[in-house]
There are 2 protein chains.
Amino acid sequence: MAKMQKEYNLSKNQQIVFDIIERSSEPVKAYSILYNVKKKGIKAPPQVYRALEKLIKLGKIHKVESKNAFVACKSSNCEISKATAFSICEICEKVTEIANNKLSNFLNSFEDKSGMKYKKYNLEFFGLCKKCKKT
Amino acid sequence: MAKMQKEYNLSKNQQIVFDIIERSSEPVKAYSILYNVKKKGIKAPPQVYRALEKLIKLGKIHKVESKNAFVACKSSNCEISKATAFSICEICEKVTEIANNKLSNFLNSFEDKSGMKYKKYNLEFFGLCKKCKKT
DNA sequence: AACAGTATGTAATAATATAACATTTGAAAG
DNA sequence: CTTTCAAATGTTATATTATTACATACTGTT
């Protein structure tokens, strides 16, 4: 039920693109999505990019900037995408969204001397994941 | 003197590219650099991208991922680029590197439950700068 | 039915980045 | 000084990522 509520107002193309991203275990690139949805009638880049743009606005996906790739948002309450953090393994390239209250509280309330009020942030951590650290 | 020490081991192309970026008051895009260095004999993208890659490795510039653009590092002690934070105005697009010990201490020591050890991070804050907030 | 806002389809092209290979340079070691 | 090796350069071509522009269709109001 909660799941249906999350998704029932997506348009056809938005739903198709979202499904691809949600089912992937790793970040998906725009042209990889395009390739995978050709069979569903989506043929051209703008169709994909428009869906991506809307999904980001809705907070259903995030863009991992350092990889130009997209992941589904894991936190069900992430209605609007304004605070994102990822951990990225430099060897296996696994990307995980970080859900950590201490981190988000710190960053959401962060202010520096510039007098700028921050509404949004994106943080990407790089390092070695558990598995790759061992090898 | 300190300045010379900072720069004397850059190669010709690296120095040319670095000069462009350092003199700019805003992030510079790779192809904008390319356009500006044609007169200096740099003619092709790989020449620019190779210089950028090296300069990033040296910590002399950073890439602002959300803008695909490059800025000179402001903190003179930033020998190796491993911890970067920027504030980005959503209206005027001004980008400023954030140097804040509380922030960098917090992020450098951050650990989450994933067991991943972070060596590096990039953080981009978005909001309205002082000027744009008023208008 | 008329309207407004959103979404779609399509062709073309812009912008960003890398691959591959030949050549040159510069510093260190013999 | 010359051999050597890593780094840097020059060059052509191409891969990858993203947007512009414009025509059409769908959806939910009034």
Side-chain angles (χ1 to χ4, degrees), chain A residues 7-21 24 26-71 80-81 88 90 93 95 122 124, chain B residues 5 7-21 24 26-71 80-81 88 93 95 122 124:
Chain A
E7 295 172 20
Y8 70 151
N9 50 358
L10 294 183
S11 75
K12 178 175 136 278
N13 287 0
Q14 289 159 15
Q15 187 68 56
I16 291 169
V17 168
F18 180 66
D19 287 346
I20 298 274
I21 297 171
S24 170
E26 51 189 29
V28 197
K29 304 206 152 221
Y31 275 73
S32 157
I33 294 169
L34 179 57
Y35 178 82
N36 281 291
V37 298
K38 286 257 165 90
K39 61 194 88 159
K40 302 235 178 193
I42 296 180
K43 294 178 196 158
Q47 296 175 292
V48 171
Y49 280 99
R50 284 190 294 228
L52 291 171
E53 186 181 22
K54 190 63 190 282
L55 290 167
I56 288 171
K57 239 180 222 153
L58 295 172
K60 299 190 70 64
I61 65 169
H62 305 303
K63 181 172 187 181
V64 182
E65 291 286 356
S66 63
K67 301 185 99 55
N68 295 318
F70 303 86
V71 294
I80 291 168
S81 178
I88 302 171
E90 286 176 315
E93 309 224 302
V95 174
N122 178 58
E124 300 183 7
Chain B
Q5 282 203 353
E7 295 172 21
Y8 71 147
N9 51 358
L10 294 184
S11 74
K12 179 176 135 276
N13 288 359
Q14 287 157 19
Q15 187 66 57
I16 291 169
V17 168
F18 180 65
D19 287 346
I20 297 273
I21 297 171
S24 170
E26 51 188 30
V28 197
K29 303 206 152 220
Y31 275 72
S32 156
I33 294 168
L34 179 56
Y35 177 82
N36 280 292
V37 297
K38 286 258 164 91
K39 63 196 86 157
K40 302 236 178 192
I42 296 179
K43 293 177 197 158
Q47 297 174 292
V48 171
Y49 281 100
R50 283 190 294 230
L52 290 172
E53 185 181 23
K54 190 62 190 283
L55 290 168
I56 288 171
K57 236 180 225 154
L58 295 172
K60 300 190 70 64
I61 64 168
H62 305 302
K63 181 173 186 181
V64 183
E65 291 285 355
S66 63
K67 300 184 101 54
N68 296 317
F70 305 85
V71 294
I80 291 167
S81 177
I88 303 170
E93 309 224 302
V95 174
N122 179 56
E124 300 182 7

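Note on naming: letters A, B, ... go to the chains in the order of the sequence lines (proteins, then strands), and numbering restarts at 1 for each one.
Scanning for side-chain contact (heavy atoms from CB on, under 4.5 Å) contacts around A/Lys63 gives A/Ile56, A/Glu65, A/Asn68, A/Phe70, with sequence neighbours left out.
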*Mark up nucleotides 16-27 of chain C, 5' to 3', with B wherever a protein heavy atom is under 4.0 angstrom from a base atom, S wherever such an atom reaches only the sugar-phosphate, and - elsewhere.*
BBBBB-------
*Base versus backbone protein contacts along nucleotides 25-30 of chain D [heavy-atom cut-off under 4.0 Å; B, S, -]*: ------
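Summarising the geometry, atom CG belonging to B/Asn36 is positioned 12.0 Å from atom CG belonging to B/Asp19; distances are rounded to the nearest 0.5 Å. How far CD1 of B/Ile20 is from NZ of B/Lys40: 7.0 Å, rounded to the nearest 0.5 Å. Between atom NZ of residue B/Lys54 and atom CG of residue B/Asn13 there is a gap of 12.0 Å, rounded to the nearest 0.5 Å. Rounding to the nearest 0.5 angstrom, the gap separating the CD atom in A/Glu53 from the CZ atom in A/Arg50 is 9.5 Å. Between atom CD1 of residue A/Ile33 and atom CG of residue A/Leu52 there is a gap of 4.5 Å, rounded to the nearest 0.5 Å. Note that the CD1 atom of B/Ile21 and the CD atom of B/Glu26 stand 12.5 Å from one another [nearest 0.5 Å].
The backbone N or O of B/Ser66 lies less than 3.5 Å from a partner atom in the side chain of B/Glu124, making a donor-acceptor pair. A distance-only check finds a donor-acceptor pair linking the side chain of A/Lys29 to the backbone of A/Lys67 [under 3.5 Å].
Nearest heavy atom pair, residue A/Val48 against residue A/Ala30, reads CG1-O, 3.8 Å. The nearest pair of heavy atoms linking B/Val17 to B/Ala51 is CG2-CB, 3.7 Å. In terms of heavy-atom proximity, A/Gln14 sits nearest to A/Asn9 at OE1-O, 4.4 Å.
Within a heavy-atom distance below 4.0 Å of DNA chain C, no residue of residues 34-44 of chain B is found.
For D/dG10, the OP1/OP2 oxygens have a side-chain nitrogen or oxygen of B/Gln47 closer than 4.0 Å.
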_Pair B/Leu10, B/Leu55 - check side-chain contact (heavy atoms from CB on, under 4.5 Å), show working._
CA-CA 9 Å; B/Leu10 294 184; B/Leu55 290 168; 3.8 Å; yes
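Rounded to whole Å, atom C1' of C/dT6 lies 14 Å from atom CG of A/Leu55.
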N/O to N/O distances under 3.5 Å, protein versus nucleotides 6-8 of chain D:
residue, atom, partner, partner atom, Å
D/dA8, OP1, B/Gln14, NE2, 3.4
D/dA8, OP1, B/Lys54, NZ, 2.7
D/dA8, OP2, B/Lys54, NZ, 3.3
D/dA8, O3', B/Ser11, OG, 3.2

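For the helix from C/dA1-D/dT30 to C/dG30-D/dC1, the rotation axes defined at the first and last 5 base pairs enclose an angle of 30°, given to the nearest 10°.
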